[in-house]
Student: 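This structure is in structure tokens; I'll ask about it shortly.
Labels below follow one simple rule: chain letters A, B, ... track the order of the sequence lines, proteins then strands, and each chain is numbered from 1.
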2 protein chains.
Amino acid sequence: MTPMTQNLPHPRRNLANEIVSVLRSDIISGVINPGEALAEPVLAKRFGVSRAPVREAIIELERAGLVQFETTGRTRVRTLEEKDLAEIVETRIALESMGARLAATHWTPEHTLRVQQFIAEQEAATTDEEFSLLDIAMHEYIMKRSGNERLVVLWQYIRWQFEMALTYIHRLQINTAHDLRRFTVAGHWKVLETLAGRKPEAAAKVMSQHIIGSLEWSVTETTEHPPAAGSAPRRGNLAKMKRASRASS
Amino acid sequence: MTPMTQNLPHPRRNLANEIVSVLRSDIISGVINPGEALAEPVLAKRFGVSRAPVREAIIELERAGLVQFETTGRTRVRTLEEKDLAEIVETRIALESMGARLAATHWTPEHTLRVQQFIAEQEAATTDEEFSLLDIAMHEYIMKRSGNERLVVLWQYIRWQFEMALTYIHRLQINTAHDLRRFTVAGHWKVLETLAGRKPEAAAKVMSQHIIGSLEWSVTETTEHPPAAGSAPRRGNLAKMKRASRASS
DNA sequence: GTGACGCAAAGTGTCGACACTTTTTTGGTG
DNA sequence: CACCAAAAAAGTGTCGACACTTTGCGTCAC
């Protein structure tokens, strides 16, 4: 690990935080695979630190749901089954539809401008990664407009799990289908319309449908280019999730 | 230390978990006051252990939102302002209305029986504490019927924050008003009706209204028997919360 | 009396060590 | 060659120690 630039006013847990960032992105991006073991001494050596900060980092990753403690005490990267994907999406809808609802209640024209900019950048994005990053950034922006810090914090954790899941859904799919992009951008316009119109209920509903819709497209596209053996989620639970989506209306 | 009923079987971190249980109940029940400092060496001495498990316990309490890290590194019991109460309730509604929605989709007659039992016990409760514990237990039971573990875990954290907030709202109020009890029990009957009828949307809506309604009663009752100086939430945000409640319909 | 200075106390972040447990390897046996 | 036992290796949980930072307090000059 790069010798930390010290003396920066980080709230607490300096080394641990840096380690968390690295490991989290490793897990989300699939550099470390689900089921893989995370041993404290090994990581300590990798990062050139003692076990203490590594241990704290691992606790934080467990909090985020990216890692799982076994009864023996060992730690593994969490594996994802179909049920997990359903849970993640349901939870994301719960948090994000409430986020959109609250955001709509005190939305301003400046916020509209910012979101329009996000959408424009997304339309101009050249790589899938750029598109995806902008998507997340925009959802985060809207969540923060809710003004509810707790909601944002919980959403962050679910979001990371969602990103991790997407990595495995998309693992064998080289390019994001152009249609998915169009679908996503269209969804964003609809969401923005409800926010700008300060219609909380509509915002919550449209956001739910946008989330479930995007996922359905992703999974559909992926299963057409068949994914990794058995590990990736299939479409079985989508009907249930769609019900949950119509949910928050 | 009094072994608290630990519902989420955390396989790891033994000493830390016991310490978490004790400190959490101390904070929720007001034995340790908001703003009070939690120093690792002091707690280590109190529990007769070294700093390591204490440190992990404190991290867990921060995860639960009961404790806050300052920029200096010190830890204090989180203080609650009016805004915090609004955030907690909004988040609880987001999670619990989704929980009720999901629970309704696979509700069985056995579940109905169990909830009826909860309500009966609540009607028979003699002390406020008993009433309150049964209330929480029932909400937890319904959340678990959602079948979504992630939702339940996030809800647990918010629930502890909610309990902590209630302690401060009710601090000076000796008895739970009988009307509040009646209101609460009536709400539970309504919720059960939607669950038993397997009406997900109605369940979500009724649950939201039940939560916001209970809070409104609590705060009203409390402000009539005036609460501690300035620290307890006032009614300013209730209108906004009520909007958020109608929300999840 | 009051305010600045500086020293002592308290606290956090990190480290290495040790005991105990689980997993893996090894080596002997049928 | 398969199989079990025992030893070795790897890993976790907890401890005490130390450096550095922040806080608290007493002292001294004015």
Student: What is the distance from CD1 of A/Ile59 to C1' of D/dT12, rounded to the nearest Å?
Tutor: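 Answer to the nearest Å: 12 Å.
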Student: Using whole Å, what does the distance between atom P of nucleotide D/dT14 and atom CG of B/Leu15 come to?
Tutor: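 Distance check: B/Leu15 CG to D/dT14 P gives 4 Å.
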Student: Over how many whole Å does the gap from A/Arg74 atom CZ to C/dT24 atom C1' extend?
Tutor: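 Rounded to whole Å, this separation is 10 Å.
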Student: Where do B/Glu129 and B/Thr127 land on the side chain to side chain donor-acceptor pair (under 3.5 Å) test, with the steps shown first?
Tutor: CA-CA 5 Å; B/Glu129 198 191 337; B/Thr127 68; 5.5 Å; no
Student: Strictly by modelled atom types, are B/Arg78 and B/Gln161 linked by a side-chain donor-acceptor pair under 3.5 Å?
Tutor: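 Result is no, nothing qualifies.
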Student: Side chain of A/Thr72: nearest nucleotide among C/dT14, C/dT23, C/dT12?
Tutor: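 It is C/dT23.
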Student: Could you tell me how far apart B/Glu62 (CD) and C/dT12 (P) are, to the nearest whole angstrom?
Tutor: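 In whole Å, C/dT12 P and B/Glu62 CD are 14 Å from each other.
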Student: Between atom NZ in B/Lys45 and atom P in D/dG16, what is the gap in whole Å?
Tutor: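 Whole-Å distance recorded here is 12 Å.
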Student: How many Å lie between CD on B/Glu40 and C1' on D/dC20, as a whole number?
Tutor: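 These atoms are roughly 15 Å apart.
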Student: Taking the side chain as C-beta and beyond, is there a heavy-atom pair between A/Leu23 and A/Arg46 under 4.5 Å?
Tutor: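 Result yes, sub-4.5 Å side-chain heavy-atom pair found.
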Student: Reckon A/Leu38 touches a base, only the sugar-phosphate, or nothing at all at heavy-atom distances under 4.0 Å?
Tutor: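 The residue A/Leu38 makes sugar-phosphate contact but no base contact.
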Student: Hey, could you give me the CD/CD1 distance between B/Gln156 and B/Ile136, rounded to the nearest 0.5 Å?
Tutor: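 Between atom CD of B/Gln156 and atom CD1 of B/Ile136 there are 10.0 Å.
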Student: Tell me if the CD atom of B/Glu62 is crowded by more than 12 foreign heavy atoms within 6.0 Å.
Tutor: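 Above 12, so yes.
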Student: The side chain of B/Ala39 lies closest to which of these nucleotides: D/dC15, C/dC15, C/dG11?
Tutor: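 Looking only at side-chain atoms, B/Ala39 lies closest to C/dG11.
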Student: Under the 3.5 Å rule, do the base of D/dG13 and the side chain of A/Arg51 count as making a donor-acceptor pair?
Tutor: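 Present.
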Student: Nearest whole Å is fine: how far is C/dT21 C1' from A/Glu70 CD?
Tutor: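 That distance rounds to 14 Å.
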Student: Check the phosphate of C/dG13 against B/Arg55, side-chain N and O only, distance under 4.0 Å to OP1 or OP2. Yes or no?
Tutor: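 For B/Arg55, the contact criterion (side-chain N or O under 4.0 Å from OP1 or OP2 of C/dG13) is met.
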Student: Determine the contact category for A/Pro41: base if any of its heavy atoms lies under 4.0 Å from a base atom, sugar-phosphate if only primed atoms, P, OP1 or OP2 are that close, otherwise nothing.
Tutor: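 The residue A/Pro41 makes base contact.
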Student: For A/Asn14 and C/dC15, what is the distance between atoms CG and P respectively, to the nearest whole Å?
Tutor: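 After rounding, the gap between these two atoms is 12 Å.
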